[in-house]
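The figures that follow rest on heavy atoms only: side chains count, while hydrogens, waters and symmetry mates do not.
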Amino acid sequence: MTARPKRKSKIGFDSGPAGGWGSARSVTEIVLREHVPLSGSVLLTKQNKADGYMCVSCAWAKPAKPHPLEFCENGAKATAWEITTRRADEAFFFEHTLTELEGWLDHDLEEQGRLTHPMRWDSITDKYVPISWESAFEEIGRDLKQFDPKNVEFYTSGRASLETSYMYQLFARIYGSNNLPDSSNMCHESSSVGLPQSIGASVGTAVLSDFQNCDCIFYIAQNVGTSSPRLLHDLQDAVHRGVKVVTFNLLREPGLERFTNPQAPMEMLTLKETPISSDYYQLKNGGDIAALFGVSKALIEADDSLHATHISKVAGSDKVPADPNSAASVAFAASLAAADKKHVLDHDFIAEHTAGFAEFAAAARSYSWEELEGVSGLTRAQMTEAARTYAASDAVLICYGMGLTQHVMGVENVQMVANLALLRGNIGKPGANICAVRGHSNVQGQRTVGITEKPDLVPLDTLSELYRFEPPRWVGHTTVDTCNAILKGETQAFISLGGNFIRAVPETAAMEEAWRKIPLTVQIATKLNRSHVIHGKVAYLLPCLGRLEVDQQVSGPQEVSIESSVAQFHGSRGRSKPASLHLLSEPAIVARMAKATLTNGTVPWDNWVANYAEIRNAIERTYPETFKDFNKRFMQPGGFHRPVPARERKWVTANRKANFITPPRLFPEFEDMAAGENVLNLATLRSNDQFNTTIYGYNDRFRGVNGTRQVVFVNKHDIIRMGFAPGDIVDLTTGIDPQTERKVKGFRLVAYDIPKGCCAAYYPETNPLFPLAHHDPQAKTPSYKLLPICFTRSQTEPNQ
């Protein structure tokens with residue numbers, strides 16, 4: 001199969017609700033396109049079931065009592081994509097040079113199908129050529145022995161199992177490296193840095209049952225319809241029992257507006273829709289801190305007013321003190337007084353469990369409403385109304401996603417969520433918790449078993465005792481640090497356990513050039529992607545079994561384990577026939593690389609590969625509290641919960657309190673920012689035909705786009721103000737760091753419902769615009785949701 005010809009595009013049509021017949025048609029289309037209508041349909045009945053496999057798409061949990069079909073549109077696409085009958089085999093690589101394949105689009109590379117044989121790049125023919133597994137491991141091990149471990153990167157994408165991840169980090173550390181960057185560095189690292197400071201937990205505190213016990217949900221900066229559609233069932237059930245869903249998001253997304261359940265026959269036949277959000281507030285990208293400060297200000301000032309009212313009543317007056325300039329504030333205070341409430345805030349909880357409230361409250365009071373409105377894009381009335389809903393609820397569940405974390409102030413964004421929760425004690429009681437909705441399946445779990453560059457987060461003394469080696473104690477590389485090392489020419493080897501690193505990271509043009517100079521790149525993968533066709537001086541492509549496939553080892557078929565967004569550990573059992581007889585499992589590949597590289601003989605690599613239960617025993621020995629009775633519990637329906645002390649109001653912080661942390665400012669300060677009317681703040685998006693860097697197709701049903709991804713969504717007034725018209729073709733240029741020009745060409749302007757001053761376009765097509773230094777300074781998470789960019793008329797037609 002060759003790359004596709006240019007497609008006809010269509011812009012601007014009604015998407016309909018999330019789910020519904022649009023979802024059903026999309027699932028049918030993907031299983032037919034990948035030639036798996038029968039096998040795919042049968043396999044999907046086992047997706048996210050207790051005796052089946054965990055979806056390789058999003059990280060949402062497997063419920064103990066699943067729906068008859070416990071999968072979503074994107075999950076079905078991921079399954080069909082993996083079990084496709086297409087093959088990128090020896091014959092395919094014989095026909096194509098890597099220079100030729102560089103010119104192919106991302107979708108077309110992956111659509112060639114499953115990799116079937118281990119391959120090595122041949123510099124004479126510029127092709128991948130077959131190599132035996134024995135020779136591949138011998139050569140990789142020989143080269144790794146020659147390198148300085150501090151200059152070797154062990155990258156991990158988000159879907160490797162807990163078993164593989166544990167082995168991989170152990171391999172890296174015995175080798176002598178703490179360079180364990182992973183995809184978490186690019187998505188929820190702001191949570192992993194911000195939440196421990198606030199509540200002493202590196203993950204959210206929510207469990208699935210909170211959706212049944214809450215009476216309000218604040219849903220912030222996460223597109224459920226695209227990123228985690230199975231969560232729509234929980235939202236729909238909550239709405240049906242009267243729960244209000246208050247949404248803060250840049251764009252109006254169908255998944256957060258209306259949902260038709262594809263598994264409900266009457267809904268499908270009658271086209272019945274469930275309205276999801278009771279209130280929908282479109283805020284500017286980068287306006288999250290200001291919006292949450294506005295809600296907090298309204299709550300704090302209403303509490304102040306009630307206190308003053310109480311004093312007035314004691315003095316013999318019934319007057320309700322309130323700001324006469326805001327009808328919403330007057331109504332809020334009056335309703336509280338009428339209900340004879342004495343407090344808005346949970347003062348008992350604040351006094352017993354928290355620190356830092358006085359400073360935070362003073363900051364909230366000090367900001368003017370005009371300032372908060374200007375930065376957030378919301379009105380005072382909207383922020384006050386959201387506060388009123390929040391105050392009227394006893395158990396509020398706060399969900400958020402990467403729309404909060406991928407910012408220059410991502411850590412402060414996350415901490416503002418914690419601040420809001422702490423004001424009314426909405427952590428650590430049924431229905432009231434923080435739900436950090438993660439992206440890739442098991443991206444959270446990998447960190448739990450040691451995939452981290454931070455040695456203080458790993459029980460190194462335990463590893464040293466178990467495996468008789470001295471672990472490195474120096475701080476390793478995050479993803480941003482790894483990119484810097486590659487750009488400086490310091491990286492000697494890059495080992496990748498899955499993923500498409502070169503497409504996922506910022507600074508695309510410079511990274512691709514530097515990537516070619518790496519002495520050794522090793523890619524463990526299921527399908528071909530851009531990080532494979534752009535390669536190091538010596539490059540290996542090692543094909544592995546997918547999670548959906550039967551993993552037959554000496555002791556029999558194996559199961560693996562995964563951690564979900566709500567910190568539940570689940571078992572996963574492959575059900576599909578392997579794509580090739582020449583594939584090895586991920587644990588087998590890691591073990592054989594380790595054996596070829598290391599002299600340490602204390603790790604029972606072969607025993608582990610023969611029986612993954614032995615790896616789980618090793619994980620339990622390393623983390624006894626987290627993984628108690630691991631093998632007994634991981635395959636039970638619903639899995640088992642990871643201990644999260646904050647869930648029980650135990651705060652593992654330096655002061656043993658939950659901390660109100662006050663952001664130093666409302667909005668980031670950009671140096672050398674371009675001036676002029678043609679500057680807007682860009683947020684990157686995923687389409688509903690995509691998961692992370694995997695592009696399933698060129699349609700975005702939810703946003704009315706067919707046949708192209710080279711579009712930029714802009715408010716119609718901004719389009720006209722800049723001197724353009726909807727449909728014009730423009731080039732986009734980075735609006736900061738003018739010393740280096742960063743540009744993408746040939747993007748079509750789409751008039752869209754988005755706040756003025758903001759725009760949105762797809763990831764990873766706009767990654768070349770993002771400077772590597774444009775990240776959160778604490779978490780080093782790239783600021784993919786906020787970048788000033790400039791617009792100029794283009795002479796280039798879209799290449800899609």
ask   = Where does the angle between the aromatic ring planes of Tyr467 and Trp608 fall among parallel (under 30°), tilted (30 to 60°) and perpendicular (over 60°)?
value = perpendicular
request  = Please determine, by modelled atom types, if Trp651 and His353 share a side-chain donor-acceptor pair under 3.5 angstrom.
outcome  = yes
ask   = Measuring from Gln446:CD to Leu162:CG, what's the distance to the nearest 0.5 Å?
value = 8.5 Å
request  = State the CG-CZ distance between Leu170 and Phe469, to the nearest 0.5 angstrom.
outcome  = 5.5 Å
message = Suppose we screen for side chain to side chain contact (heavy atoms under 4.5 Å, CB included). Which residues come up paired with Ala78, at least two apart in sequence or across chains?
response = Val56, Ser57, Tyr696
inquiry  = Please check: side-chain N/O of Asn185 versus main-chain N/O of Asp182, any donor-acceptor pairing under 3.5 Å?
reply    = yes
key: Asp481 and Thr478 side chains, donor-acceptor separation under 3.5 Å   = yes
task = Determine whether His188 and Val443 make a side-chain contact, defined as any pair of heavy atoms from C-beta on separated by less than 4.5 Å.
result = no
request  = Look at Asp51 together with Arg573 and state whether they make a salt bridge at an N to O cut-off of under 4.0 Å.
outcome  = no
ask   = Is it true that the side chains of Tyr612 and Ser585 contain a donor and an acceptor less than 3.5 Å apart?
value = yes
For residues 636-643, which side-chain N or O atoms pair as donor and acceptor with protein atoms under 3.5 Å away, sequence neighbours left out?
residue : atom : partner : partner atom : Å
Gln636  : NE2  : Gly639  : O            : 2.8
Arg642  : NH1  : Thr448  : OG1          : 2.8
Arg642  : NH1  : Glu563  : OE2          : 3.0

key: Heavy-atom check, side chain of Thr653 versus side chain of Pro196, under 4.5 Å   = no
request  = Using only heavy-atom distances, determine whether the side chains of Tyr53 and Gln47 contain a donor-acceptor pair under 3.5 Å.
outcome  = yes
ask   = With no hydrogens and no angle check, is any side-chain donor or acceptor of Thr491 less than 3.5 Å from a backbone partner on Ala493?
value = no
task = Evaluate the criterion side chain to side chain donor-acceptor pair (under 3.5 Å) for residue pair Glu153 and Thr482; output intermediate values, then yes/no.
result = CA-CA 7 Å; Glu153 309 289 345; Thr482 295; 2.9 Å; yes
inquiry  = Quick check: Phe494 with Phe154 (ring centres under 6.0 Å apart)?
reply    = no
Any donor-acceptor pair under 3.5 Å from Arg547 side chain to Arg159 backbone = yes
Indicate every side-chain donor-acceptor pair of residues 772-779 with a distance under 3.5 Å to a residue at least two apart or in another chain.
residue : atom : partner : partner atom : Å
His774  : NE2  : Leu786  : O            : 2.6
Asp776  : OD1  : Gln778  : N            : 2.7
Asp776  : OD1  : Ala779  : N            : 2.8
Asp776  : OD2  : Gly410  : N            : 3.0
Asp776  : OD2  : Val411  : N            : 3.0
Gln778  : OE1  : Gln197  : NE2          : 3.3

task = Starting at CE of Met593, measure out to CD1 of Ile524 and round the result to the nearest 0.5 Å.
result = 4.0 Å
inquiry  = Using side-chain heavy atoms (C-beta onward) and a distance below 4.5 Å, is Ile451 in contact with Thr156?
reply    = yes
task = Start with the C-alpha gap between Phe569 and Phe627, add the side-chain angles, then the distance that decides, and say whether ring-ring contact (aromatic ring centres under 6.0 Å, His included) holds.
result = CA-CA 9 Å; Phe569 299 118; Phe627 291 99; 4.6 Å; yes
message = Any non-hydrogen side-chain atom of Leu497 less than 4.5 Å from a side-chain atom of Glu586?
response = yes
Lys/Arg-Asp/Glu bridge criterion (N-O < 4.0 Å) met for Glu470, Arg473 = yes
inquiry  = If we count only N and O atoms by modelled type, under 3.5 Å, do the side chains of Thr602 and Asn600 hold a donor and an acceptor together?
reply    = yes
request  = Look at Glu189 together with Arg447 and state whether they make a salt bridge at an N to O cut-off of under 4.0 Å.
outcome  = yes
note = Between Ser555 and Gln558, the two heavy atoms sitting closest are OG-NE2, 2.9 Å
remark   = side chain to side chain donor-acceptor pair (under 3.5 Å) with Asn178: of Glu453, His477, Arg173, only one passes, and it is Arg173
Asp210 (side chain) donor-acceptor with Val207 (main chain) under 3.5 angstrom = yes
query = When the ring planes of Phe171 and Tyr175 are compared, do they come out parallel, tilted or perpendicular, using 30° and 60° as the limits?
reply = tilted
Heavy-atom side-chain proximity of Ile502 to Met511 below 4.5 angstrom = yes
request  = Answer with yes or no whether the side chains of Ser561 and Glu163 bring together a donor and an acceptor at under 3.5 Å.
outcome  = yes
ask   = Do Asn617 and Asn631 meet the criterion of a side-chain donor-acceptor pair at a distance under 3.5 Å?
value = yes
ask   = Looking at the rings of Trp133 and Phe137, which for Trp means the six-membered one, are their centres under 6.0 Å apart?
value = yes
inquiry  = Which heavy atom of Phe501 sits nearest to which heavy atom of Cys483, and what is that distance?
reply    = CZ-SG, 3.8 Å
message = So Thr354 and Asn659, do their side chains get closer than 4.5 Å, heavy atoms only?
response = no
message = Quiz question: by atom type and distance under 3.5 Å, do the side chains of Thr164 and Ser161 form a donor-acceptor pair?
response = yes
query = Are the side chain of Arg649 and the backbone of Ile427 linked by a donor-acceptor contact shorter than 3.5 Å?
reply = yes
ask   = So which heavy atom on Thr205 is nearest to which on Ala646, and how close?
value = CG2-CB, 3.8 Å
inquiry  = What I'd like to find out is whether the side chain of Gln222 reaches to under 4.5 Å of the side chain of Ser227, using heavy atoms alone.
reply    = yes
task = Establish, from distance only, whether the side-chain atoms of Gln553 and Asp551 form a donor-acceptor pair under 3.5 Å.
result = yes
